Amino acid sequence: MKPKSLTFRIFINTFFVGTLIYFICAFLFISNMYGYFEKQIFSELKTESLFLENSVLNQQLDHLSELKTENRITLIHSDGTVYFDNKVDAAKLENHGARQEFLEAKNNGSIQISRFSSTMTEKTLYFARLLPNGDVLRISCNQHSVWVLVLGMSQILLIMLVIAVIISGLSANWISKKVVEPLNTIDFENPEVSEVYEELKPFTKRIIEENYEKAQREELRQQFTANVSHELKTPLTSISGFAEILKAGGTDEATTKDFASSIYDESQRMINLVNDIIRLSKLDEKSISLEKEALSLREMCREAIEAVSVNARAKNVSINLTGDSGLINGVRPVIYEMVFNLIDNAVKYNVPDGKVEINIKNFMESNRVFFTVQDTGIGIPAAEKDRIFERFYRIDKSRSKQNGGTGLGLSIVKHAAKYHDASILVNSEVGKGSTFTVIFPM
């Protein structure tokens, strides 16, 4: 279902609230007015009872019969017998000894009560007073119920409702436009200069952060493009130069063979570079389609050690693997690339007769796995430590190219760790070696 616009939602809510307030106010007004009239009637009945008391005590019942009043006057003996009523024949009335108003007046001196009719359209108000001679004087009158009052006022209430609806509609329309106006004027390129509500400050702050991140990504993309172009240009220039010489002819067999070997080496560098770029792009875009599975870091290490064994033997670098199995949940090719790059770097940048210590430790209490690769190599200067994970960044460029490095290995390690919610710690000292620790969730 398509969500409605914010303006429409504000309009509807404001209109609904305005209309609801009208009905609440109308209800409170009518109910309070009805209650006020009822109090006034009871007050009048009480005043009239005081006026009639002398006539009753002086036995002036004829005077009571001649009174021009809409109220009903009833006199009741102490035993409940009705001996006077100005509206009906008292002799025909039943005994009132069980009536609530009679009993309450006998006990408390006076009482005011009301009773609804059977149709609930009218109610009778009673005021009863105990006289000094023991009789009870009861005065009553009829009052329409609140529903009859509402029905009688229906025309004016309907007019007021129409006016309230029109005012609510106009107010809701004005308020909705005013509320939305600051949102429509936000400059998404420069949100910091826009005047917005205090509640929207986190929103604009988030936009500022995203704009900054976008600018950073664009800058990185441009740097990456420039670096890729530079990295590819060097081997292509070499290949082109060697091929041009070979094309011209006149080289002896040894030179031709040497040129062919150089062309092969440079092309391999290009292939490795392109492969690393593809891997890095997939990690950047999180476009790896393989499912995560239960993996053993120890098994991954054994495969990687086998892959780098030729280079390790050439430099007489020993590799020692210790620790636990290191069970984690991960994507096999990505984890292997990470493990391989760390071990491969530990061999490439080691000294002859150096050592590589690989340790895997399961920490059950914290539910984490520590994977550590320690070497006795050239080490990393303190000033360079924060930059080693940058793409194409090399501490010793000549040595890196000599070892066949693309400058993307540690960048792949960083992105692979991030892909698996892992963190990396680096501890290194120039001339004494480096230690890389990757902390995985178990």
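Quick caveat: nothing in here was measured; it's all calculated off a predicted structure.
Checked against salt bridge (Lys or Arg N to Asp or Glu O under 4.0 Å), R72 has the following partners two or more places apart in sequence or in another chain: D85. For S78, the side-chain contact (heavy atoms from CB on, under 4.5 Å) criterion is met by K106, not counting sequence neighbours. For R129, the side chain to side chain donor-acceptor pair (under 3.5 Å) partners are S49, not counting sequence neighbours. Partners of N320 by side-chain contact (heavy atoms from CB on, under 4.5 Å), not counting sequence neighbours, listed by chain and number: T322, E357. Qualifying salt bridge (Lys or Arg N to Asp or Glu O under 4.0 Å) partners for E293, counting only residues two or more places apart in sequence or in other chains: R332. Every residue two or more places apart in sequence or in another chain that forms a side-chain contact (heavy atoms from CB on, under 4.5 Å) with A128 is listed here: E101, A105, I111, V136, R138. Residues passing the side-chain contact (heavy atoms from CB on, under 4.5 Å) test with D79, sequence neighbours excluded: H77, T81. Under the side chain to side chain donor-acceptor pair (under 3.5 Å) criterion, Q112 pairs with no residue, sequence neighbours left out. Partners of N107 according to the side chain to side chain donor-acceptor pair (under 3.5 Å) rule, which considers only residues two or more places apart in sequence or in another chain, do not exist here. With sequence neighbours left out, the salt bridge (Lys or Arg N to Asp or Glu O under 4.0 Å) criterion links E94 to R99.
Minimum interatomic distance between S114 and L125 (heavy atoms only, all atoms of both residues): CB-CD2, 3.4 Å. Nearest heavy atom pair, residue N341 against residue V413, reads CB-CG2, 3.7 Å. When every heavy atom of K355 is checked against every heavy atom of T376, the shortest pair comes out as N-OG1, 2.9 Å. Nearest heavy-atom pair, F102 versus G97, reported as atom, atom and distance to 0.1 Å: CD2-O, 3.5 Å.
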Report all side-chain donor-acceptor pairs from residues 429-442 shorter than 3.5 Å, counting only partners two or more places apart or in another chain.
unit_1 : atom_1 : unit_2 : atom_2 : d
S434   : OG     : S428   : OG     : 2.7
T437   : OG1    : T372   : OG1    : 3.4

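Under a 3.5 Å cut-off, the side chain of N350 and the backbone N or O of A346 do form a donor-acceptor pair.
Here the side chains of L75 and L137 are in contact, with some heavy-atom distance below 4.5 Å.
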